[in-house]
Each structure stands twice: as structure tokens, then as C-alpha cells.
Amino acid sequence: MKKETEYFLAAAETGSITKAAEKIYVGQPAVSRGIAALEKSLGVQLFVRTAAGVTLTEAGRIYEKYARYTAQVEREMKQSLDNIRMRKKHVIPVAMVLNASIFSGDRINRTVEETASSFYLRIDNLLTRDMVRGLREGTYRYAVCPENILQGEKDIHCTKIFANGWLLITPKERDLSGYLNVEGRMPLVPEVQERGQLIVQDQGTDIRREIDLLFREYDLSIPEDTQSVANSMLGIQKAEDGDGSLIISENLRFLVNEDKVNVYRIAAEYRTVTVLAYLNSLRFLPGERECIDTMCRIIREENTRG
């Protein structure tokens, strides 16, 4: 299924471009552009757009009917072909956080098939809170996850894949370029000193725990008057709407519409670390290490671009 059709179906289901973007983990501008491109290629208007959201036109209802049917046929065809292909393969289940896998899954398995054709990696997006249990119960052989969730887990081995620094994104009208140091980075202090300016992810999320550690490096605490959001994607949307500034990991930069915000690298030693995790007792299949090394290399490349 083409990505434009996926965007359309998500918007048709949710009645909102913004909610569609949240549902499929894509930036709202990309969804808007994709649907506009689809309408241009078809020569018809698929949605009526209002301040309250989007509703299907007559043409949109027709397209939705056939798009859903086509998507179902494609899924059935792919499943049938995959069943044939998998008969001779070792399927290795891998749990990944969304950030690590969003660009990587297809490329990983294409490359693995070229170098280690007896393996196929079944990559599932998983909440970090479920990863340790998934490894221990044998649901997954490997997890690609934040290092901080493995603290104290002595029966789990972890190997660093990549590390990212931090970005501060601010509304266009909030220009902080005067704070940049000679390396083009900036301190965290301005957003903490400005009351009500900062947006933060909810307590209990992994990214919030990491941000708390970042603040410790500056010997600061997050102000009580900050706005709170459930995740970084919602925070990015609020920053793009001009509601405040947000701290995110560098590997989320691809989600940011830089026409709407300023993006600054924060000067900090503390970085977010993503690791490969597996049980110490894991017994490797012949050729499996090479397969997993390939996976880690691609994830590293995809998440450290630019």
C-alpha cells in the first residue's frame, strides 16, 4: 500500500489530519502533503477540511471503499508469499522501540536476505515496559531499547548500538541564537528561566527519565509551571503550533517541520543510549551473530544520519 493511501485511510478513520499523524507515527505535515498529492494525482477532492477536522467527500467515500479492499488483498497476497518464503528460514523475533525501527525494518531484512538468507527478522514495535518480560518469557530473542530500562537486570546482556544528543525546538518567534556557543550549541538555561515556556513529556515515560538526567547535568530541575504531553510527537506538534519549547533526542529530528520551529543542539555531555539486549543464557544459531550485527549496523546508520 502506498504511503499516501495509508495517510488517507488514517485520516478517514480518525476524522483528523493531526490524529491520523499520531496514529501512524508520522509528522502532521507529511500526512497533509501526502493526502494533497493523492488528491492531485486522482484529480478529485477526497476530504472537506474544516477547523473541526476532515470529512469524506463523495469521491472520498468511493476511494475509501476500494482502498480498504485493495489493502486487504495486498495483505493476504503478502502473507501467502511470506508463508512460502519463510518455510526455509529461521524467524528471529526482535522487539524495538519505534524510534529505532521506523526507518530500518525493510532495509534490515533486505540486507539480511543478501548476506544471511537462512534468517528473517520479525521486528515488532513494543513499549519499553514490556521488553524485559518479552525477553525472559522467550517471546523475543533480542530487544533494541533504551539502556536505562536494563539497570539492575543482571541476567540480560546489552551492547551499545548508538547514542544521541539533545535538541531544543522553539517556536519561530522565539529566537535563541544569541545563546549559541562557538560550537553552535546552546545551554539549557534560557527555557528554564522563562516561566511557562517549556513543554515536557509526562512523568514515567522513558524519555522523561532521560530528560531528568539531562537537567541534572545542568544542576537544574524541571519547573512546576511546564506544560505536559504524553509523548514527544505531541510535544513537537505543540511547539510547531507556537505553544512552547520542547526537548527531544536528536534521532527524532526527522519528525520536526523545521519551517515552523527553530532547532538548536543542546550543549551537554549526557546522551541517550540505545542498546541491543538479550539473555545471558541465549545460545546463538550458526550465522545468527552476523545477522544481528547487520541489523545493528543499519539501525546505527539510520539513527545517526546528519
Side-chain angles (χ1 to χ4, degrees), residues 16 18-19 21-22 25-29 97-100 127-129 145-152 162-274 303 306:
S16 164
T18 299
K19 290 179 180 178
E22 295 170 7
Y25 301 101
V26 176
Q28 181 268 329
V97 291
L98 183 64
N99 299 345
L127 297 174
T128 53
R129 68 186 182 211
C145 58
E147 183 182 44
N148 64 4
I149 73 168
L150 300 173
Q151 293 177 1
F162 66 90
N164 282 119
W166 297 94
L167 300 175
L168 176 69
I169 59 174
T170 71
K172 275 296 184 184
E173 63 272 14
R174 185 161 174 75
D175 182 3
L176 300 178
S177 56
Y179 289 92
L180 296 176
N181 62 22
V182 293
E183 297 176 342
R185 296 177 180 266
M186 65 170 300
L188 186 59
V189 176
E191 295 310 281
V192 180
Q193 293 176 333
E194 185 80 19
R195 289 184 58 84
Q197 181 60 39
L198 194 63
I199 302 166
V200 294
Q201 297 82 344
D202 284 346
Q203 285 280 8
T205 60
D206 291 298
I207 188 67
R208 174 60 182 274
R209 286 191 287 270
E210 298 273 10
I211 289 172
D212 286 341
L213 293 173
L214 171 67
F215 269 71
R216 286 184 202 171
E217 179 174 328
Y218 277 89
D219 197 24
L220 295 169
S221 58
I222 294 177
E224 293 183 0
D225 61 346
T226 55
Q227 305 175 60
S228 183
V229 290
N231 54 55
S232 295
M233 186 175 296
L234 292 176
I236 290 170
Q237 185 66 58
K238 288 181 72 69
E240 290 177 353
D241 290 341
D243 293 338
S245 303
L246 180 77
I247 297 167
I248 59 172
S249 178
E250 280 184 310
N251 67 329
L252 293 179
R253 187 166 187 160
F254 73 95
L255 292 172
V256 178
N257 182 352
E258 297 188 29
D259 292 333
K260 293 186 176 182
V261 294
N262 305 305
V263 180
Y264 304 103
R265 284 189 169 91
I266 295 175
E269 293 296 324
Y270 181 71
R271 302 172 74 82
T272 60
V273 177
T274 296
N303 285 275

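Positions are given from 1 along the sequence. What's counted below: heavy atoms across the whole structure, side chains too, no hydrogens, waters or symmetry copies.
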In Å, rounded to the nearest 0.5 Å, how long is the span from [atom1] of [X] to [atom2] of [Y]?
| X | Y | atom1 | atom2 | value |
| --- | --- | --- | --- | --- |
| Ile247 | Ile199 | CD1 | CD1 | 10.5 Å |
| Leu168 | Leu176 | CG | CG | 6.5 Å |
| Phe215 | Ser221 | CZ | OG | 8.0 Å |
| Leu214 | Arg271 | CG | CZ | 11.5 Å |
| Leu246 | Met233 | CG | CE | 12.0 Å |
| Leu167 | Met186 | CG | CE | 11.5 Å |

Item to check | Any residue meeting side chain to side chain contact (heavy atoms under 4.5 Å, CB included) with Asn257, in chain and number order, not counting sequence neighbours | outcome: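 Only Pro29, Glu240, Asp259, Lys260 meet the side chain to side chain contact (heavy atoms under 4.5 Å, CB included) criterion with Asn257.
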Between [X] and [Y], what is the shortest heavy-atom contact and its length?
| X | Y | result |
| --- | --- | --- |
| Leu198 | Pro223 | CD2-CD, 4.5 Å |
| Gly27 | Leu255 | N-CD2, 4.1 Å |
| Cys145 | Leu150 | SG-CD1, 4.1 Å |
| Ala230 | Asp202 | CA-OD2, 3.3 Å |

Item to check | Ile236/Ile169 under side chain to side chain contact (heavy atoms under 4.5 Å, CB included): CA gap, chis, key distance, verdict | outcome: CA-CA 8 Å; Ile236 290 170; Ile169 59 174; 3.9 Å; yes
When you measure from the side chain of [X] to the backbone N and O of [Y], does any donor-acceptor pair fall under 3.5 Å?
| X | Y | value |
| --- | --- | --- |
| Tyr264 | Leu180 | no |
| Asn262 | Pro171 | yes |
| Asp241 | Asp243 | no |
| Gln28 | Gln237 | no |

Item to check | Salt-bridge contact Asp212-Arg208 (side-chain N to carboxylate O under 4.0 Å) | outcome: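 Salt bridge flag = yes for Arg208 with Asp212.
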Next on the checklist: Working note: Ile266 + Tyr218, criterion side chain to side chain contact (heavy atoms under 4.5 Å, CB included); need CA distance, chi angles, decisive distance, verdict.
Outcome noted: CA-CA 11 Å; Ile266 295 175; Tyr218 277 89; 3.9 Å; yes
Checklist entry - In this structure, are over 12 heavy atoms from other groups packed under 6.0 Å from Arg129 atom CZ? => result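 Count not over threshold, so no.
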Checklist entry - Just wondering, are more than 12 heavy atoms of other shown residues or ligands nearer than 6.0 Å to CD in Glu269? => result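 No, CD of Glu269 has 12 or fewer neighbouring heavy atoms, counting only those of other groups under 6.0 Å.
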Could you tell me whether the side chain of [Y] reaches within less than 4.5 Å of the side chain of [X], counting heavy atoms only?
| X | Y | value |
| --- | --- | --- |
| Arg265 | Glu183 | no |
| Leu188 | Trp166 | no |
| Thr128 | Pro146 | yes |

Item to check | Worked verdict on Ile248 versus Val256 for side chain to side chain contact (heavy atoms under 4.5 Å, CB included) | outcome: CA-CA 10 Å; Ile248 59 172; Val256 178; 3.9 Å; yes
Item to check | Steps toward side chain to side chain contact (heavy atoms under 4.5 Å, CB included) verdict (Arg174, Gln197) | outcome: CA-CA 10 Å; Arg174 185 161 174 75; Gln197 181 60 39; 3.3 Å; yes
Next on the checklist: Among Asp206, Ile211, Leu234, which residue satisfies the side chain to side chain contact (heavy atoms under 4.5 Å, CB included) criterion with Gln201?
Outcome noted: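 Passing option: Ile211.
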Item to check | Polar side chain donor-acceptor pair, Glu210 to Thr272, under 3.5 angstrom | outcome: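 Looking only at side-chain atoms, Thr272 and Glu210 do not form any donor-acceptor pair under 3.5 Å.
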Item to check | Contacts of Glu258 that satisfy salt bridge (Lys or Arg N to Asp or Glu O under 4.0 Å) - sequence neighbours left out | outcome: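 In terms of salt bridge (Lys or Arg N to Asp or Glu O under 4.0 Å), with neighbours along the sequence ignored, Glu258 is linked to Arg253.
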